[in-house]
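Presented below is the structure to which this report refers.
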2 protein chains.
Amino acid sequence: MFRVLLRMEFLPTTPNNKNLEQKIIDLLKRSSLSVTDSRKKILESFFQKNSALAHADIELQVGDEFDRVTIYRTLQTFVDKGIIHTIPTPDNAVLYALCKDSCSAGHHHDNHVHFICDNCNKTYCLEHVVVPTIAMPNNFIASQIDMVVSGVCDFCNASS
Amino acid sequence: MFRVLLRMEFLPTTPNNKNLEQKIIDLLKRSSLSVTDSRKKILESFFQKNSALAHADIELQVGDEFDRVTIYRTLQTFVDKGIIHTIPTPDNAVLYALCKDSCSAGHHHDNHVHFICDNCNKTYCLEHVVVPTIAMPNNFIASQIDMVVSGVCDFCNASS
DNA sequence: TAGGTTTTGCAACTATGTTGCAATAGCTTA
DNA sequence: TAAGCTATTGCAACATAGTTGCAAAACCTA
């Protein structure tokens with residue numbers, strides 16, 4: 001028996017790479033960050049993978065080229081500038097994902113639900129699933145709500 | 001100007017301590033765990049503090065008496081047996097809180113919302129605020145939902 | 001392209017969590 | 001209630017994650 005798994009991924013070709021690189025440079029400049037190799041490469045990972053990444057994932061991808069510390073500092077800078085946001089996970093690994101345009105420096109509008117697939121371990125930002133408002137007990141005032149759902153993602157469901 | 005802050009806390013007195021100790025011993029036996037000093041002391045912390053605790057909190061409390069490793073293993077055992085559950089937090093610190101009776105070994109019914117106070121840093125289990133069900137995108141199947149709210153708690157609101 | 005500023009890499013360190021193993025404490029039952 | 005078996009603990013050593021200071025290198029401005 002065979003099982004054939006197919007998944008559309010973003011496959012960079014020459015023109016796309018050029019477009020992506022320009023997009024990344026623009027994003028960095030818009031965030032008033034200087035354009036450096038490590039920042040470009042790390043952002044590239046996020047755009048290409050199109051899912052949330054852990055520090056370890058990024059280190060695997062670019063760790064030969066850049067120092068561990070640089071990766072930590074770059075991620076922190078991106079969070080500060082509103083380029084990426086962190087995702088709390090049930091097993092307490094830190095994940096980072098690209099913010100949509102509505103995020104600005106120091107102020108994330110990250111009110112969508114996050115989804116972690118128990119099967120393939122990918123983390124998705126469900127941009128279109130908004131965190132519901134909930135009734136708080138007397139005198140509790142909510143300022144931020146994080147919602148993380150785990151289960152099986154669309155791709156894993158389709159291929160099982 | 002003065003500001004008077006009052007909070008009811010569980011103040012152990014001799015009879016209460018006896019009750020508490022018996023309660024703890026019963027709980028351990030019910031979970032088929034042997035009754036040891038470290039387990040008793042660590043459970044005592046949870047009952048007395050009545051809020052979620054980090055490993056570090058517990059180490060501060062009982063670290064002189066018991067080894068770091070023992071605390072890790074004890075917490076893990078309690079989680080396995082359904083005595084406490086972990087709470088994911090936005091800043092990725094691991095917190096533990098007592099489960100209610102509906103939890104059983106290996107199967108937590110931990111569907112309530114957790115609340116972290118930005119002011120006093122206490123974490124509360126809002127037992128009566130149930131995590132709402134949400135609509136998943138096509139072919140995503142949810143099996144677990146974690147919801148963590150941060151803001152200002154009732155006590156901090158009342159005293160500001 | 002010169003100069004100031006920002007970013008990077010390195011080394012060292014702290015914090016957090018894990019594992020194997022021998023010693024100890026808890027539990028069982030005779 | 002004491003002997004012997006099993007479960008738990010403490011220690012040492014290790015693994016992983018994240019931080020800090022500082023000098024060297026890269027980046028940006030004019």
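The sequence lines fix the lettering, A, B, ..., with proteins before strands; numbering per chain opens at 1. This is a predicted model, so every value here is computed, not measured.
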Where [X] and [Y] come nearest, the two heavy atoms and their spacing:
{"X": "Leu126(B)", "Y": "His112(B)", "result": "O-CB, 3.3 Å"}
{"X": "Glu59(A)", "Y": "Ile71(A)", "result": "CA-CD1, 3.8 Å"}
{"X": "Cys117(A)", "Y": "Cys153(A)", "result": "SG-N, 3.4 Å"}

**Pairwise 5' ranking along DNA chain C for Tyr72(B) and Ser38(A), keeping only the more 5' one** = Ser38(A)

**Message:** Judged by each residue's nearest nucleotide on DNA chain C, which is more toward the 5′ side, Arg39(A) or Ala56(B)?
**Reply:** Arg39(A)

**Request:** Indicate, with a heavy-atom threshold strictly under 4.0 Å, whether Thr77(B) touches base, sugar-phosphate, or nothing.
**Result:** nothing

**Prompt:** Are Gln61(B) and Gln48(B) side-chain neighbours, meaning at least one heavy-atom pair lies under 4.5 Å?
**Reply:** no

Would you kindly give the [atom1]-to-[atom2] distance between [X] and [N], to the nearest whole Å?
{"X": "Lys40(B)", "N": "dT9(D)", "atom1": "NZ", "atom2": "P", "result": "12 Å"}
{"X": "Ile58(B)", "N": "dT16(C)", "atom1": "CD1", "atom2": "P", "result": "13 Å"}
{"X": "Leu75(A)", "N": "dT19(D)", "atom1": "CG", "atom2": "P", "result": "11 Å"}
{"X": "Tyr96(A)", "N": "dA17(D)", "atom1": "OH", "atom2": "P", "result": "12 Å"}
{"X": "Phe78(B)", "N": "dA7(D)", "atom1": "CZ", "atom2": "C1'", "result": "14 Å"}
{"X": "Lys41(B)", "N": "dT8(D)", "atom1": "NZ", "atom2": "C1'", "result": "17 Å"}
{"X": "Asp57(A)", "N": "dA17(D)", "atom1": "CG", "atom2": "P", "result": "11 Å"}
{"X": "Ile71(A)", "N": "dT7(C)", "atom1": "CD1", "atom2": "C1'", "result": "14 Å"}

**Message:** Measuring centre to centre across the rings, with the benzene-like ring taken for any Trp, is Phe140(A) within less than 6.0 Å of Tyr124(B)?
**Reply:** yes

**Complete:** In B/S/- notation (B base, S sugar-phosphate only, - none; protein heavy atoms under 4.0 Å), nucleotides 19-30 of chain C written 5' to 3' is BB-----SS---

**Asked** Taking it one step at a time, do Phe78(A) and Ile42(A) satisfy side chain to side chain contact (heavy atoms under 4.5 Å, CB included)?
**Response** CA-CA 10 Å; Phe78(A) 287 172; Ile42(A) 291 174; 4.0 Å; yes

Donor-acceptor pairs are to be reported for all side-chain atoms of residues 62-70 of chain B against protein atoms at under 3.5 Å, with residues two or more places apart or in another chain.
{"residue": "Glu65(B)", "atom": "OE1", "partner": "Lys41(B)", "partner atom": "NZ", "Å": "3.3"}
{"residue": "Glu65(B)", "atom": "OE2", "partner": "Lys41(B)", "partner atom": "NZ", "Å": "2.9"}
{"residue": "Asp67(B)", "atom": "OD2", "partner": "Val69(B)", "partner atom": "N", "Å": "2.9"}

**Complete:** Sorted by chain and residue number, the side chain to side chain donor-acceptor pair (under 3.5 Å) partners of Lys29(A) (sequence neighbours excluded) come out as none

**Message:** Hydrophobic clusters here meaning ILVMFWY residues chained together by side-chain heavy-atom distances under 4.5 Å, can you tell me if Leu53(B) and Val94(B) are in one?
**Reply:** yes

**Asked** In degrees rounded to 10°, what angle is found between the helical axes fit to the five outermost pairs at each end of the helix from dT1(C)-dA30(D) to dA30(C)-dT1(D)?
**Response** 40°

**Prompt:** By a strict heavy-atom criterion of less than 4.0 Å, which residues belonging to residues 59-68 of chain B are in contact with DNA chain D?
**Reply:** Glu65(B), Phe66(B), Asp67(B)

**Prompt:** Which is it for His85(B) and Cys125(B) under the side chain to side chain contact (heavy atoms under 4.5 Å, CB included) test, yes or no, and what are the steps along the way?
**Reply:** CA-CA 11 Å; His85(B) 62 275; Cys125(B) 294; 3.8 Å; yes

**Request:** List for me each residue that meets side chain to side chain contact (heavy atoms under 4.5 Å, CB included) alongside Leu60(A), sequence neighbours excluded, and say none if there are none.
**Result:** none

